[in-house]
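Below, each value reflects all heavy atoms present in this structure, side chains not excepted, and no hydrogens, waters or symmetry copies. A note on names: the letters A, B, ... follow the listed sequences, proteins ahead of strands, and every chain is numbered from 1.
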Protein chains: 2
Amino acid sequence: MVGTAPATRRTAQKEAVWQALESSPGFVSAQDLHQQLVAAGASVGLATVYRQLAALAAEGRADTIPDAGGLLYRVCAPGGHHHHLVCESCGRAVEIQPPLEDWIRQTAQDSGYTITRHVLEVFGTCPQCAAR
Amino acid sequence: MVGTAPATRRTAQKEAVWQALESSPGFVSAQDLHQQLVAAGASVGLATVYRQLAALAAEGRADTIPDAGGLLYRVCAPGGHHHHLVCESCGRAVEIQPPLEDWIRQTAQDSGYTITRHVLEVFGTCPQCAAR
DNA sequence: ATGCGTGCAAACGATTTGCAGAGAA
DNA sequence: TTCTCTGCAAATCGTTTGCACGCAT
């Protein structure tokens with residue numbers, strides 16, 4: 001055990017999980033994602049979804065927030081960090097730019113904490129759905 | 001069955017759970033709280049702790065955030081909506097006051113959306129854990 | 001005396017893990 | 001061929017619930 005090779009294979013399931021996660025507007029549970037994949041005709045096991053999601057989160061490519069009775073996952077934009085305002089009725093989302101960055105730096109100094117990450121989700125009803 | 005009475009009894013366990021929750025600095029899991037109570041000599045069942053915690057949360061007297069593998073509880077100022085900066089290492093949390101309210105009103109106007117709710121989670125490392 | 005609240009233990013649902021087989025390198 | 005990844009199913013862990021008894025009212 002002197003030279004340890006990277007060893008990370010590229011498989012269809014891996015891609016499928018990643019894409020399914022990417023195409024989801026907000027946060028999704030592992031189980032939802034699994035059902036979504038199966039419904040889409042992909043052959044993926046539930047355990048694999050969990051494993052991939054965990055790996056993705058460990059790599060920092062995915063964000064996870066714990067939710068009552070389960071964890072929720074979401075893609076984490078590489079380099080750029082942005083949030084969305086999601087319509088609870090139709091799912092349509094607009095990109096938003098909350099003034100958090102400055103405030104976070106400020107808060108970090110005030111509290112002495114080293115802030116590593118944050119999650120912001122804003123939910124509401126879009127004009128079209130509100131009009132109906 | 002014409003007049004419906006309030007029916008909310010005062011019991012030792014109820015008090016014990018509430019006090020244990022109050023005396024906890026940050027967020028605590030139901031199980032931790034239970035062990036704490038037992039260790040303190042109180043005769044309380046785990047199920048009761050869960051039930052009390054759920055009731056407290058429903059009444060709005062307690063805050064709950066889902067955590068990997070369990071929910072965490074914390075006393076909550078009634079009526080107020082606030083967020084926490086949670087240390088990923090020790091779990092200690094400080095209350096934070098992000099400048100979101102104004103920005104949300106503004107965004108609502110700009111986008112035409114009716115904003116119903118938002119979720120903000122900030123994670124980091126507290127000074128004590130960072131020093132270790 | 002009359003229920004509500006509690007305790008115990010079984011039930012539940014979500015997530016993790018072990019093991020054998022399939023496919024990538 | 002070799003070794004990683006996958007799939008299935010059993011194991012685990014935290015939380016909820018049913019039922020019978022004790023205690024507050």
Heavy-atom pair of closest approach, residues [X] and [Y]:
X: B:K14; Y: B:R9; answer: NZ-O, 2.9 Å
X: B:L21; Y: B:A62; answer: CD2-CB, 4.1 Å
X: B:V49; Y: B:V44; answer: CG2-CG1, 3.7 Å
X: B:L37; Y: B:A16; answer: CD2-O, 3.5 Å
X: B:G112; Y: A:P127; answer: O-CG, 3.5 Å
X: A:W103; Y: B:I96; answer: CH2-CD1, 3.7 Å

Nearest-Å distance for atom pair [atom1]/[atom2], residues [X] and [N]:
X: B:Q13; N: C:dC8; atom1: CD; atom2: P; answer: 11 Å
X: A:R51; N: D:dA9; atom1: CZ; atom2: C1'; answer: 12 Å
X: B:L53; N: D:dG14; atom1: CG; atom2: P; answer: 15 Å
X: A:Q52; N: C:dT16; atom1: CD; atom2: P; answer: 13 Å
X: B:L72; N: D:dG14; atom1: CG; atom2: P; answer: 12 Å
X: A:L46; N: D:dT12; atom1: CG; atom2: C1'; answer: 15 Å

Quick one: pull up CD in A:E15 and CD in A:Q52 and give me the separation to the nearest 0.5 Å.
-> 9.5 Å
Sort me out a list of protein N/O and nucleotides 22-25 of chain C N/O pairs below 3.5 Å, or just none if empty.
unit_1: C:dG23; atom_1: N2; unit_2: A:R9; atom_2: NH1; d: 2.4
unit_1: C:dA24; atom_1: N3; unit_2: A:R9; atom_2: NH1; d: 3.2

In terms of side-chain heavy atoms of B:L71, which of D:dT15, D:dT17, D:dG7 is nearest?
-> D:dT15
Which ILVMFWY residues are connected to B:Y50, directly or by a chain of links, through side-chain heavy atoms under 4.5 Å apart?
-> B:L46
Mind running a 4.0 Å heavy-atom check of residues 29-39 of chain A against DNA chain D and sending the residues that fall below it, in number order?
-> none
Criterion side chain to side chain donor-acceptor pair (under 3.5 Å) on B:D110 and B:Q106, from CA distance to verdict = CA-CA 6 Å; B:D110 293 351; B:Q106 184 65 48; 3.3 Å; yes
On DNA chain D, nearest-nucleotide positions of A:K14 versus B:Y50: which is more 5'?
-> A:K14
